[in-house]
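A short worksheet on the structure shown next.
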Amino acid sequence: MHTNVNALFEALWQDYIEMTPSAAKVHQLLSKGSAIINDHIALRTFNIAKVNLEVLAAHFESIGYVACGDYKFEAKKLNAKHFEHPDSTQPKVFISELLVEEFSEELQSTVNGLIEQMDATATTADNFLYSGRHWQLDTKTYEALLAESEYAAWVAAFGYRANHFTVSINHLQSYDTIFAVNDALKAAGFVLNASGGEVKGTPEVLLEQSSTMADKIPVSFSDAVVNIPSCFYEFALRYPQADGKLYTGFVAASADKIFESTNVQS
């Protein structure tokens, strides 16, 4: 496992920008020469013992991260936790897992079959969190998963890597509202996730979020190469709590809609 938090996030970032060609353009648009601060990253997995949320979390916990919040997504059948580092300048981490047993026997069988193909040592390797897919997958299996759970299909296609990075609007020099960020993105031709409105959350819940729709990239399946939605970029503006400190948690109702940034657009 990584011993250095910066090295881990740099490796995650390099993998992410390969999956998300638009990320560099977003960076250029919003930074205007100043550094972009990453609010959080998110990772997805299945609640199967070999690869569950705790297995992913161990990589972050080994470099000082601690669990700070639990979340449930009834409709999408997910559990999630977020983790924070003692150094508050380090990104927060949001890890979710699909409750596989709540789906059809077909999906359960498929997902278990994928995970069985994994080498048991893969999950403790230094590079596990950005190691991608560890199994064979054909387009028919992907489509069958997609029909039942977009989330399951995404993990099956992309494996282990950051599902998104998040620009901290609080640290941007040229933009101070989420609406200004969204307007700049749309003017530059980016498509925003409009599920539940382009802005998810309000100052009252202390967090406003928006996101691009995921880039489509060519993905190699065992029988074909197909363009499918990969990763997306999120934008977060946090508000101070009663004690004056910025809120560091997540809002389940908003996160629920952010998940839909990887949905296939019609």
Side-chain angles (χ1 to χ4, degrees), residues 11-12 14-23 41-53 55-56 59 73 75-80 95-164 191 193 195 211-233 258-266:
L12 283 159
Q14 291 303 325
D15 175 75
Y16 166 76
I17 55 178
E18 279 180 36
M19 297 290 120
T20 322
S22 66
I41 66 163
L43 298 114
R44 296 178 173 187
T45 191
F46 302 112
N47 71 334
I48 294 168
K50 194 195 236 178
V51 295
N52 68 12
L53 193 161
V55 172
L56 275 65
H59 286 262
F73 301 92
K76 292 185 176 62
K77 302 174 183 172
L78 302 170
N79 281 342
I95 306 175
S96 55
E97 60 181 5
L98 192 74
L99 306 175
V100 177
E101 70 281 357
E102 295 190 13
F103 288 86
S104 71
E105 285 184 14
E106 288 80 8
L107 183 142
Q108 292 181 49
S109 165
T110 297
V111 168
N112 279 297
L114 298 178
I115 301 305
E116 276 165 19
Q117 294 176 49
M118 280 183 76
D119 185 326
T121 61
T123 61
T124 53
D126 275 359
N127 70 342
F128 174 57
L129 296 174
Y130 47 92
S131 60
R133 192 165 84 211
H134 292 256
W135 44 77
Q136 289 294 311
L137 182 69
D138 60 33
T139 49
K140 191 175 162 200
T141 305
Y142 171 78
E143 294 291 345
L145 289 171
L146 188 61
E148 204 174 331
S149 165
E150 182 280 324
Y151 183 109
W154 191 94
V155 180
F158 292 101
Y160 293 94
R161 47 175 38 108
N163 166 263
H164 63 269
V191 177
N193 170 349
S195 176
S211 59
T212 61
M213 289 301 287
D215 284 358
K216 275 193 164 181
I217 65 166
V219 172
S220 296
F221 294 92
S222 55
D223 56 339
V225 175
V226 185
N227 278 320
I228 61 170
S230 59
C231 305
F232 61 93
Y233 220 149
I258 293 282
F259 278 118
E260 295 172 23
S261 302
T262 49
N263 283 4
V264 177
Q265 299 171 66
S266 53

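Side-chain contact between Leu99 and Asn79: present, with at least one pair of heavy atoms (C-beta onward) separated by less than 4.5 Å. Cys231 is not listed as a side-chain neighbour of Asn163, based on a closest heavy-atom distance of 4.5 Å or more. Proximity of Ile228 to Leu146: side-chain heavy atoms (C-beta onward) are nowhere separated by under 4.5 Å. Looking only at side-chain heavy atoms (C-beta outward), Ser149 and Phe103 come within less than 4.5 Å of each other.
The line from OG1 of Thr212 to OH of Tyr233 is 9.5 Å long, rounded to the nearest 0.5 Å. To the nearest 0.5 angstrom, Glu150 atom CD is 5.0 Å from Asn263 atom CG. Annotation: the span from Ile48 atom CD1 to Gln108 atom CD amounts to 9.0 Å, rounded to 0.5 Å. Put simply, CG on Leu137 and CG on Asp223 are 8.5 Å apart, with the number rounded to the nearest 0.5 Å.
In this structure Arg133 satisfies the salt bridge (Lys or Arg N to Asp or Glu O under 4.0 Å) test with no other residue, sequence neighbours excluded. Take Ser230 and apply the side chain to side chain donor-acceptor pair (under 3.5 Å) test, not counting sequence neighbours, and it matches no residue. Residues meeting the side chain to side chain contact (heavy atoms under 4.5 Å, CB included) test with Ala147, sequence neighbours left out: none. For Asn52, the side chain to side chain contact (heavy atoms under 4.5 Å, CB included) test picks out Glu54, Val55, Glu97, with sequence neighbours left out. Ser22 meets the side chain to side chain contact (heavy atoms under 4.5 Å, CB included) test with Thr20, Phe190, Asp215; sequence neighbours excluded. In this view, Lys76 and Asp256, Glu260 satisfy the salt bridge (Lys or Arg N to Asp or Glu O under 4.0 Å) rule, not counting sequence neighbours. For Phe158, the ring pair (Phe, Tyr, Trp, His ring centres under 6.0 Å) partners are Trp154, not counting sequence neighbours. For Asp15, the salt bridge (Lys or Arg N to Asp or Glu O under 4.0 Å) test picks out Arg161, with sequence neighbours left out. Partners of Tyr160 according to the ring pair (Phe, Tyr, Trp, His ring centres under 6.0 Å) rule, which considers only residues two or more places apart in sequence or in another chain, are Phe128. With sequence neighbours excluded, the residues forming a ring pair (Phe, Tyr, Trp, His ring centres under 6.0 Å) with Tyr142 are Phe221, listed by chain and number. Residues satisfying the side chain to side chain contact (heavy atoms under 4.5 Å, CB included) criterion with Ala144, sequence neighbours excluded, are absent altogether.
The neighbour count for Gln14 CD, taken as heavy atoms of other residues, nucleotides or ligands under 6.0 Å away, is above 12.
The two residues His134 and Ala122 make their nearest non-hydrogen contact at CE1-CB, 3.6 Å. Heavy-atom minimum distance, Leu107 versus Glu148: CB-OE1, 3.6 Å. Scanning all heavy atoms of the two residues, the minimum distance from Ala162 to Leu43 falls at N-CD2, 4.2 Å. When every heavy atom of His59 is checked against every heavy atom of Ala125, the shortest pair comes out as CE1-O, 3.2 Å. Minimum heavy-atom separation, Ala156 to Phe46: N-CZ, 4.4 Å. The shortest non-hydrogen separation linking Asn227 to Pro218 is OD1-N, 3.0 Å.
Looking only at distances, a side-chain donor or acceptor of Asn47 sits under 3.5 Å from a matching main-chain atom of Val100. A donor-acceptor pair under 3.5 Å is absent between the side-chain atoms of Tyr151 and the main chain of Leu78, judged by distance alone. For the pair Ser211 (side chain) and Asn193 (backbone), a donor-acceptor distance under 3.5 Å is absent.
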Arg44 and Thr262: CA distance, side-chain angles, deciding distance, side-chain contact (heavy atoms from CB on, under 4.5 Å) verdict: CA-CA 12 Å; Arg44 296 178 173 187; Thr262 49; 3.0 Å; yes
Full working for side-chain contact (heavy atoms from CB on, under 4.5 Å) between Leu98 and Val155: CA-CA 10 Å; Leu98 192 74; Val155 180; over 6 Å; no
CA sep, side-chain torsions, deciding dist, call: Leu129, Leu56, side-chain contact (heavy atoms from CB on, under 4.5 Å): CA-CA 7 Å; Leu129 296 174; Leu56 275 65; 4.0 Å; yes
Test log, rule side-chain contact (heavy atoms from CB on, under 4.5 Å), inputs Phe232 and Met213: CA-CA 6 Å; Phe232 61 93; Met213 289 301 287; over 6 Å; no
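A salt bridge does not link Glu106 with Lys140: every distance from a Lys NZ or Arg NE/NH1/NH2 to an Asp or Glu carboxylate oxygen is 4.0 Å or more.
Applying the side chain to side chain donor-acceptor pair (under 3.5 Å) definition to pairs two or more places apart or across chains, those involving residues 112-122 are Asp119-Thr121.
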